[in-house]
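Start at 1 and go down the list; that is how both ligands and their atoms are numbered.
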Amino acid sequence: MTYRIAPSILSANFAKLGEEVLNVLAAGADWIHFDVMDNHYVPNLTIGPLVCEALRPLTDAPIDVHLMVEPVDALVPMFAKAGANCITFHPEASRHVDRTLALIRDHGCQAGLVFNPATPLAWLDHVMDKIDLIMLMSVNPGFGGQSFIPHTLRKLSEARARLDAWQEKTGKQVLLEVDGGVKVDNIAEIARAGADTFVAGSAVFGAGKASDAHRYDSVIAALRAELAKV
Ligand code: DX5
Ligand code: ZN
């Protein structure tokens, strides 16, 4: 099993964003998770395509754009142009989920659905062929630093079974990402439940002293060491 660690820059120091991104990547992060909030779909306001475009030249690492916006479609071409690799959205926020998924792929990005804690996986029933990854929220979207909702473990197992069955049938791998409250002390059981890609915001960016250039090395190494036990 290949595991991916995707630090969420929501918890980074925005005054030094480029440096923060370079430092987590140097510390061994695989993806950069980019949280887009619109003060409409979620009660918070963050960053848009301009910031993605500014970060893009710093790295070839995948930028994983998590859209917490409503409506969705207008932002898809903008983020694709800004250099996003994956674009995920919440199905409740799109009038036409199948169309939005196709739009993302048409713009050359990997497409995914995000499931809130109370959103059923049944949204996948008729769109699996248009999906490259799914992401389960293990907190309610809108803020970093919340606690992992334990029921997510059962939902991850259910999602894992669906994705394994899909791979068996079609040969296609769909990634299973988890977002919210992932820490060194719970990442192993989250992986055991079936996740392969882990967003971690406060656990990564909250680590160590701001003055220490290597402050992210030890937390990413600790996350990987836990994953190695699975
Ligand atoms: C929440 C965001 C998450 C958040 C995770 O709406 O989608 O990506 O930044 O932060 P932590 O890891 O602190 O829960
Ligand atoms: Zn996110």
Discussion item. Taking Asp73 first and then Arg99, would you say they form a salt bridge - that is, a charged N and a carboxylate O separated by under 4.0 Å?
Written reply: no

Discussion item. Around atom CE of Met128, are there more than 12 heavy atoms from other residues, nucleotides or ligands closer than 6.0 Å?
Written reply: yes

Practice prompt. Measure from the side-chain N and O atoms of Glu20 to the backbone N and O of Asn13, and report whether any donor-acceptor pair falls under 3.5 Å.
Written response: yes

Worksheet, complete the sentence: For Val69 and Asp38 the tightest heavy-atom approach is CA-OD2, 3.2 Å

Discussion item. I'd like to know if the side chain of Thr100 pairs up with that of Ser94 as donor and acceptor (distance under 3.5 Å, no hydrogens or angles considered).
Written reply: yes

Worksheet item: Between His90 and Tyr41, how do the two ring planes meet: parallel, tilted or perpendicular, split at 30° and 60°?
Response: tilted

Item to complete: Mind jotting down which protein residues get a heavy-atom contact under 4.0 Å with ligand 1? Chain and number order, please.
Response: Ser8, Leu10, His33, Asp35, Met37, His66, Met68, Met137, Pro141, Gly142, Phe143, Gly144, Gly145, Asp179, Gly180, Gly181, Val199, Ala200, Gly201, Ser202

Worksheet item: Does one side chain, of His33 or Asp35, offer a donor that lies under 3.5 Å from an acceptor on the other?
Response: yes

Worksheet item: Among side-chain atoms of Ser202 and Lys183, is any donor-acceptor pair under 3.5 angstrom?
Response: yes

Response to the item:
Protein-side N, O or S atoms sitting under 2.8 Å from the Zn ion (ligand 2) are His33 NE2, Asp35 OD1, His66 ND1, Asp179 OD2

Worksheet item: Counting only heavy atoms not in Asp60, do more than 12 sit closer than 6.0 Å to its CG atom?
Response: no

